[in-house]
Amino acid sequence: MLGVFSALEVAASGLSAQRVRMNTIASNLANVRTTRTPEGGPYKRLDPVFEAVDIERLRGTPSLSQGVSLVQVQRVVEDNRPGTLVYEPGHPDANAQGYVEYPNVHAVEEMVNMITASRAYEAGITSIESVKQMARSAIEIGR
Amino acid sequence: MSGIAPISTQLAHVDGALDGAKTEKVHDGLPTFGEVMGGVVASANERSKFAGDMAEAFAAGARDDIHGTMIALSKADVELRFVGAVRNKVIDAFYELWRMQL
């Protein structure tokens, strides 16, 4: 059965997911000009993949609340779009033709993702506040 | 003098009857108010202890889950308010009985 605090759990999973997203965005922005990685080649843009997990299935107790889902970060994938080639013959990572492959990170795109991530986080906080307020109002009934 | 003894034995009978009533009440399967309240207080205490531990771990840098910590604190807060509300309600009821004219 869903308790008073289940909505808090659901919202908290959303907050965690958005935080993971924010981490990948920060990583992408930090590595916007990184041309070397342990795997070789330029840095590849990271993107988290989210997955809905039925809250009741997670606990193994079927009830009326079907469809209420937590969000989980299933995995973080690399974006395989090609990077931008820039002619810089003096660069140590330039290829035979003098071109350096920079990461496939686009600062503007990351900024937009950052705005959506922080707005989604705020939305989660707002729902938590509402749940808390509802609980407090319910307690007020007795006064 | 001779009449007193029978009265005390009768009182003993009354006491016995009261004891019987009391044990009967305890055995009707329902927890007493004290038990219920004790359980609720214990649960609220457990939750606020958990929240305190989380806040401590967060302050010490052992975890970086800001929202998880704050949610645990909020849960503890709501539960404590609930216990307080129930307690106030019961005290009100008690005074209502206290003021009753007999």
Side-chain angles (χ1 to χ4, degrees), chain A residues 1-27 30 48 50 53 55 58-59 68-73 76 114 116-143, chain B residues 31-100:
Chain A
M1 202 189 83
L2 284 189
V4 190
F5 295 130
S6 301
L8 291 183
E9 277 173 45
V10 174
S13 74
L15 296 187
S16 297
Q18 294 305 325
R19 224 179 37 173
V20 169
R21 187 148 166 244
M22 198 59 225
N23 287 346
T24 62
I25 293 167
S27 166
F50 295 159
V53 182
I55 187 168
L58 206 67
R59 291 184 188 158
V68 174
S69 302
L70 298 169
V71 57
Q72 261 186 357
V73 181
V76 177
M114 192 152 69
T116 57
S118 72
R119 288 287 177 269
Y121 195 90
E122 278 171 30
I125 298 276
T126 308
S127 64
I128 288 172
E129 285 290 332
S130 300
V131 172
K132 227 167 70 183
Q133 196 50 51
M134 279 167 75
R136 285 189 184 161
S137 308
I139 290 170
E140 288 288 319
I141 294 173
R143 296 247 167 102
Chain B
T32 63
F33 175 74
E35 284 164 12
V36 173
M37 202 62 191
V40 173
V41 169
S43 141
N45 189 42
E46 193 62 37
R47 218 183 261 282
S48 69
K49 196 162 154 287
F50 176 67
D53 289 349
M54 271 180 99
E56 204 170 298
F58 181 75
R63 44 183 301 138
D64 69 338
D65 186 12
I66 303 178
H67 63 259
T69 311
M70 294 314 291
I71 287 171
L73 288 170
S74 300
K75 281 182 185 176
D77 175 63
V78 167
E79 196 138 346
L80 203 62
R81 277 165 194 264
F82 173 71
V83 174
V86 171
R87 177 247 174 228
N88 289 340
K89 205 72 192 153
V90 170
I91 296 290
D92 280 353
F94 172 73
Y95 275 118
E96 205 58 45
L97 290 175
W98 186 256
R99 283 196 292 269
M100 195 177 279

Measure the CG-CD1 distance between A/Leu15 and B/Ile71 for me, rounded to the nearest 0.5 Å. 6.0 Å
Looking at B/Met37, I'd like to know if its CE atom is crowded, meaning that more than 12 non-hydrogen atoms belonging to other residues, nucleotides or ligands lie closer than 6.0 Å. yes
Close side-chain approach of A/Val76 and A/Thr24, heavy atoms under 4.5 Å: yes
On a heavy-atom basis, the closest approach of A/Pro48 and A/Val73 is CB-CG1, 4.2 Å
Listing needed: what donor-acceptor pairs below 3.5 Å join chain A with chain B?
unit_1	atom_1	unit_2	atom_2	d
A/Ala12	O	B/His67	NE2	3.4
A/Ser16	OG	B/His67	NE2	3.1
A/Arg19	NH1	B/Asp64	O	2.8
A/Tyr121	OH	B/His67	ND1	3.4
A/Arg136	NH2	B/Asp77	OD2	2.7
A/Gly142	O	B/Lys89	NZ	3.0

Apply side-chain contact (heavy atoms from CB on, under 4.5 Å) to B/Val41 and list each qualifying residue two or more places apart in sequence or on a separate chain. B/Val83
Search all heavy atoms of B/Ala76 against all heavy atoms of B/Ala51 and return the closest pair with its distance. CB-CB, 4.0 Å
